[in-house]
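The structure under discussion appears below in the form of C-alpha cells.
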2 protein chains.
Amino acid sequence: MAQTDTVTRILDTAEVLFAERGFAETSLRTITSKARVNLAAVNYHFGSKKALIQAVFSRYLDPFTVRFHHALDELEAQHAGGVIPLEELLETMARTVLEVPAEKHSLKVFMKLLGLAYSQAQGHLRRYIQEEYGSVFTRFTDLVRRATPELPDAERFWRLHFVLGTVIFTLSGLDALRDIAEKDYHEHVSVRDLIRRLRPVVVAAMNAPLPPPPAVQPAKAS
Amino acid sequence: MAQTDTVTRILDTAEVLFAERGFAETSLRTITSKARVNLAAVNYHFGSKKALIQAVFSRYLDPFTVRFHHALDELEAQHAGGVIPLEELLETMARTVLEVPAEKHSLKVFMKLLGLAYSQAQGHLRRYIQEEYGSVFTRFTDLVRRATPELPDAERFWRLHFVLGTVIFTLSGLDALRDIAEKDYHEHVSVRDLIRRLRPVVVAAMNAPLPPPPAVQPAKAS
DNA sequence: TTCCGCTGGAAACGCCTGTTTTAAACATTA
DNA sequence: TAATGTTTAAAACAGGCGTTTCCAGCGGAA
C-alpha cells in the first residue's frame with residue numbers, strides 16, 4: 001500500500017505545518033521535503049494546493065460530523081420529544097470534538113486549523129466548510145434554540161458565536177498562552193484542563209442577562 | 001508636505017489591504033500601486049515589509065496606550081486607594097478601544113488587525129507587540145486582580161483571555177458573521193450594537209462560578 | 001513476454017515576491 | 001545658490017512559488 005502511504009504522509013505533514021505557520025506561509029516544497037515525498041505528488045494526488053487544504057480539513061471534519069450526528073441522535077432519543085438541556089448539548093459537542101482527534105491526530109492541531117479557517121483570508125475554505133458542514137451546525141443551533149426559548153433569536157445567534165470565539169481563540173492560541181501561564185503561575189495546563197475551566201464560563205455567558213435595548217433610535221417618527 | 005503624504009498614503013492603503021487579505025497575501029506591489037506610490041518608497045521610508053507591518057500597528061497602538069494609561073490614571077484617582085469595580089475597568093477599556101480609531105481610521109480595520117496579530121504566524125509581530133505594549137496590559141491585569149480578589153490567579157488569567165478571545169474573534173470576523181445575521185434575522189448590526197450585546201456576556205463570564213477541581217490528581221499522597 | 005496504468009523522481013516552466021540599484025526630478029532648508 | 005532630503009521612474013536582482021512535463025520504474029493482466 002505504498003500509494004496510500006504517500007497520501008497519508010502528505011496529509012500528516014501538511015496539517016502540522018499549516019497549523020504552525022498558516023497556509024500561505026507553508027510551501028508545497030516544505031511539505032513534500034519534510035514528508036520525504038516528491039514535490040509533484042501533491043498535485044498528482046490532490047490536484048492543487050487548495051484541494052490539499054480542503055482534504056486536510058475533511059479528514060477531521062468528516063468523522064466529526066458523523067459522530068456528532070450520532071451523538072445528537074442519542075441525545076434526542078433520551079429526551080424523546082422533550083427539550084435537551086443546554087448544558088447537555090454543549091457537553092456533547094465538547095465530547096465529540098475531543099473524541100475525533102484523539103484517535104490518530106492531535107487535538108491541538110485540529111483547533112489551530114479551525115482558528116485558521118476563520119481568520120485566514122482563504123475565501124474558498126470558508127465557503128467549502130460552510131457548504132460541506134453547515135447542516136450539522138444548523139441542526140445543533142436548532143436544538144439550542146429549543147433549549148433556550150427565552151433568548152431572542154438574534155441574541156442567541158450572537159452568543160453562540162461569542163462562545164465559539166472563546167473556544168477557538170483559546171485553544172488555537174494555546175501554545176503562546178500556555179508559555180505565559182506556566183511562566184507566571186508555574187502550572188501546567190492541558191487541553192482537558194482548559195475545557196474544565198471553559199465549561200462554567202461558557203454556561204454563564206449563554207445565560208447572561210439580556211442587554212438593555214439600544215439607546216437612541218434615529219429613524220421613524222421623531 | 002509631499003513627504004508626509006506618501007508615508008500616510010502607504011499606511012492608509014496597507015492597513016486596509018492587510019485587514020482584508022492578511023500580511024503574506026498582500027504584496028508590496030499591490031500596496032504601492034493602489035496607493036499610487038513608487039514601489040521603492042516602502043523600502044525607502046520603512047526599510048522592509050516587516051517594518052511596515054509594525055508601523056501599521058504602531059499607528060493604532062501608540063495612541064491607544066497613551067489614552068488607556070490616562071483613562072486608568074483618572075479611574076485610579078476617582079477611587080483613590082480603593083479598588084475599581086471590574087465593570088468600570090472593562091467599560092474603560094471598551095471606551096478607549098472605540099475612541100482611538102474613531103478619529104481617523106476604521107474600527108473594523110483595527111479589530112481585524114488585532115485578530116491577524118494573534119492568528120497569523122508572523123512571530124516578529126507578536127514579539128514586537130508584546131515588548132512594545134505589554135506594560136499597559138500588565139497594568140490593566142493588576143487592576144483586574146484587585147477587582148476580583150476571590151478568583152485564583154490562574155483562573156483570572158484564563159478568563160481574561162477567554163473574553164479577549166470572544167471580543168477579538170467576534171469583531172475581527174464581523175463581516176462574515178454580519179452577512180449571516182442579516183440574512184437570517186433581517187437586522188443590521190453595528191459595531192456599537194455588538195458591544196452592547198457583548199457587555200453582559202463578558203461580565204457574566206468573568207463572574208462565572210469556579211470550575212470543579214481536576215478529577216484525578218496523580219501526584220502527592222494517595 | 002508484452003502491454004498498460006499507476007506512482008515516483010528530477011527538472012523545468014512562468015510567474016510573483018521583497019529588495020536594491022540606477023537615474024533624474026522635485027521640494028525644502030541653509 | 002548650493003545642499004539636502006524626498007519622490008519618481010525603470011530596471012534588474014536573486015529567490016521562492018505553484019504547477020507541469022517528461023521519463024524511468026513498477027505491478028498486474030493479457
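Every chain is numbered from 1, with letters handed out A, B, ... down the list of sequences.
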Can you check the A:Tyr44 OH to D:dT20 P distance for me, whole Å?
-> 14 Å
Determine the interplanar angle of the B:Phe110 and B:Tyr60 rings, folded into 0 to 90°, and report it as parallel if under 30°, tilted if 30 to 60°, perpendicular if over 60°.
-> parallel
Gap between atoms CG and P, on A:Asn43 and D:dT19 respectively (whole Å) = 5 Å
Measure from the side-chain heavy atoms of A:Ala40 and tell me the nearest of C:dG18, C:dA10, C:dT20.
-> C:dA10
How about A:Thr141 and A:Thr138: does a side-chain donor come under 3.5 Å of a side-chain acceptor?
-> no
Using atom CG of A:Asn38 as one end and atom P of C:dC6 as the other, report the distance to the nearest whole Å.
-> 18 Å
Select base, sugar-phosphate, or nothing to describe what A:Ala41 touches, counting heavy atoms under 4.0 Å on all strands.
-> nothing
Could you state the CG-P distance from A:Leu39 to D:dT19, rounded to the nearest angstrom?
-> 10 Å
OP1, OP2 of C:dT17 versus side-chain N and O of B:Ser27: anything below 4.0 Å?
-> yes
Just call it for B:Thr32: base, sugar-phosphate, or nothing, with non-hydrogen atoms closer than 4.0 Å on any strand.
-> nothing
Atom CG of A:Asp5 and atom C1' of C:dG8: how far apart are they, to the nearest Å?
-> 13 Å
Would you say A:His45 reaches C:dG8's phosphate, i.e. side-chain N/O to OP1/OP2 under 4.0 Å?
-> yes
Quick one: label A:Val42 by what it contacts on the DNA or RNA (base, sugar-phosphate, nothing), any heavy atom closer than 4.0 Å.
-> nothing
Do the ring planes of A:Phe18 and A:Phe23 sit parallel (below 30°), tilted (30 to 60°) or perpendicular (above 60°)?
-> perpendicular
A:Thr148 backbone acceptor or donor facing A:Arg156 side chain under 3.5 Å = yes
A:Ser48 side-chain N/O to D:dG18 phosphate OP1/OP2 under 4.0 Å | no
Report the distance from atom CD of B:Glu25 to atom P of C:dG18, rounded to the nearest whole Å.
-> 11 Å
Do the side chain of A:Arg29 and the base of D:dG18 come within less than 3.5 angstrom through a donor-acceptor pair of N or O atoms?
-> yes
What's the NZ-P distance between A:Lys50 and D:dC17, to the nearest Å?
-> 18 Å
note: B:Arg9, atom CZ; D:dT8, atom P; distance rounded to Å ~ 7 Å
Kindly say whether A:Met206 contributes a backbone atom to a donor-acceptor pair with the side chain of A:Arg159 at under 3.5 angstrom?
-> yes
